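Contents: one structure, followed by commentary.
Remember, predicted model here, so these are calculated numbers, not experimental data. Naming convention: chains lettered A, B, ... in sequence-line order (proteins, then strands); numbering from 1 in each chain.
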2 protein chains.
Amino acid sequence: MPEVSRKHDVFQAIADPTRRKLLRLLVNEEMPVNSITEHFPMSRTAVSKHLHVLSDAGLVKERKVGRETHYSLQPEPLQEVKQWVSYYERFWENKLSVLKNYIETEDKDSGESN
Amino acid sequence: MPEVSRKHDVFQAIADPTRRKLLRLLVNEEMPVNSITEHFPMSRTAVSKHLHVLSDAGLVKERKVGRETHYSLQPEPLQEVKQWVSYYERFWENKLSVLKNYIETEDKDSGESN
DNA sequence: TTGACACGAAACCAAATGGTGTTATATAAT
DNA sequence: ATTATATAACACCATTTGGTTTCGTGTCAA
């Protein structure tokens with residue numbers, strides 16, 4: 001049931017700074033489009049479009065409340081990103097340990113600091 | 001030297017599937033453009049462009065070897081992504097624990113149909 | 001019921017993106 | 001010295017993206 005048939009990729013969704021800011025904003029509370037728009041220097045329609053991209057990626061949820069549409073964060077798809085990044089983690093960690101090793105070797109026997 | 005004055009954002013760099021595949025390919029070995037191109041259904045020029053985007057984001061390093069240009073992975077900028085995602089981690093974890101709680105509660109008087 | 005409001009949809013536009021082929025240049029091989 | 005090769009740089013094109021304004025519709029309030 002997961003990220004199949006999603007029109008927008010999670011990676012693509014979070015590529016835009018405005019959309020990242022949107023997610024950050026919706027962390028705490030569900031918000032209607034107009035209130036959301038107040039936080040951005042662009043039209044309501046533009047914000048709405050970004051929200052739709054996020055929605056397509058499964059990162060926000062819409063709820064109709066009277067004539068308003070409330071959006072809220074749906075963080076689960078970010079797990080895919082976390083997983084993807086974690087694959088590369090060992091490589092920079094490895095580099096760190098190589099560097100550490102190098103420093104320690106340079107340091108010779110002048111005392112192993114942590 | 002951090003991500004200041006980088007022409008391309010890390011988030012934007014990893015948004016493209018081709019570029020993610022490129023990173024994956026360069027994990028193990030430094031490679032010249034021609035060899036890299038063999039793995040992709042597009043022209044060498046196109047691959048080269050993607051490599052430049054990655055380079056702008058600091059995700060790959062170029063090394064001139066005779067008339068060849070070798071590219072290799074430079075994973076460090078991904079730390080920014082990891083950090084960004086980790087902020088949201090607690091939210092899906094929280095949801096999980098809420099769900100767990102719910103299930104356990106339901107379980108108590110387990111008469112619930114459906 | 002009339003009007004104001006919140007929103008989505010559509011038409012439109014400029015700029016960025018992802019691709020192409022061509023050309024120029026430095027290096028390698030003969 | 002000449003030729004072949006690897007690549008960057010360039011010019012170009014189609015599509016996508018991020019934004020706009022306008023318009024229609026459903027909902028709330030008077």
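- Annotation: ring pair (Phe, Tyr, Trp, His ring centres under 6.0 Å) contacts involving residues 45-84 of chain A, sequence neighbours excluded, comprise A:Phe11-A:Trp84, A:Trp84-A:Tyr88.
- B:Lys21 has no carboxylate O lying under 4.0 Å from a charged side-chain N of B:Asp16, or vice versa, which leaves the two without a salt bridge.
- In this structure, the side chains of A:Leu23 and A:Val27 stay at 4.5 Å or more apart for every pair of heavy atoms.
- When the side-chain nitrogen and oxygen atoms of A:Thr45 are compared with OP1 and OP2 of D:dT20, none of them lie within a distance under 4.0 Å.
- Distance, B:Leu51 CG to D:dA8 P: 8 Å, rounded to whole Å.
- DNA chain C is contacted by B:Asp16, B:Arg19 of residues 16-34 of chain B, taking any non-hydrogen atom closer than 4.0 Å.
- B:Ser43 comes within 4.0 angstrom of a nucleotide base, judged by non-hydrogen atoms across all strands.
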- Expected string for nucleotides 25-30 of chain D under the B/S/- scheme (protein heavy atoms, under 4.0 Å, primed atoms plus P, OP1, OP2 as sugar-phosphate) is -BBS--
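- Nearest approach of B:Ala15 to A:Asp9, heavy atoms of both residues: O-OD2, 4.4 Å.
- The NE2 atom of B:His70 sits 7 Å away from the P atom of D:dT7 (whole-angstrom rounding).
- Side-chain atoms of A:Arg44 do not come within 3.5 Å of backbone N or O of A:Ile36 as any donor-acceptor pair.
- Within 4.0 Å of B:Tyr71, counting heavy atoms only, lie sugar-phosphate atoms of the nucleic acid but no base atom.
- Although no hydrogens or angles enter the test, the distance criterion places no donor-acceptor pair under 3.5 Å between the side chain of B:Glu80 and the main chain of B:Pro77.
- Nucleotide D:dG19 holds its C1' atom 7 Å from the NZ atom of A:Lys49, rounded to whole Å.
- A:Glu89 is linked by a salt bridge (charged side-chain N to carboxylate O under 4.0 Å, His left out) to B:Lys82, counting only residues two or more places apart in sequence or in another chain.
- Residue B:His52 contributes atom NE2, which lies 12 Å from atom C1' of D:dC10 at whole-angstrom precision.
- Taking only side-chain nitrogens and oxygens, A:Gln12 never comes nearer than 4.0 Å to OP1 or OP2 of D:dT16.
- Listed nucleotides D:dT7, D:dT17, D:dT22 differ in distance to B:Thr69; the shortest reach to its side chain belongs to D:dT7.
- In this structure, B:Arg63 and B:Ser72 have side chains that are not in contact, with every pair of non-hydrogen atoms separated by 4.5 Å or more.
- Applying the ring-ring contact (aromatic ring centres under 6.0 Å, His included) rule to B:Phe40 yields no partners; only residues at least two apart in sequence or on another chain are considered.
- Boundaries of the chain B contact region on DNA chain C are C:dT17 to C:dA28, first to last in 5' to 3' order (nucleotide atom under 4.0 Å from a heavy atom).
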- Step by step, work out the side-chain contact (heavy atoms from CB on, under 4.5 Å) result for B:Met42 and B:Thr18. CA-CA 10 Å; B:Met42 64 186 74; B:Thr18 301; 3.7 Å; yes
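- Within a 6.0 Å radius of CZ in B:Arg90, more than 12 heavy atoms belonging to other residues, nucleotides or ligands are found.
- With rounding to whole Å, A:Asp56 atom CG is found 15 Å from D:dT16 atom C1'.
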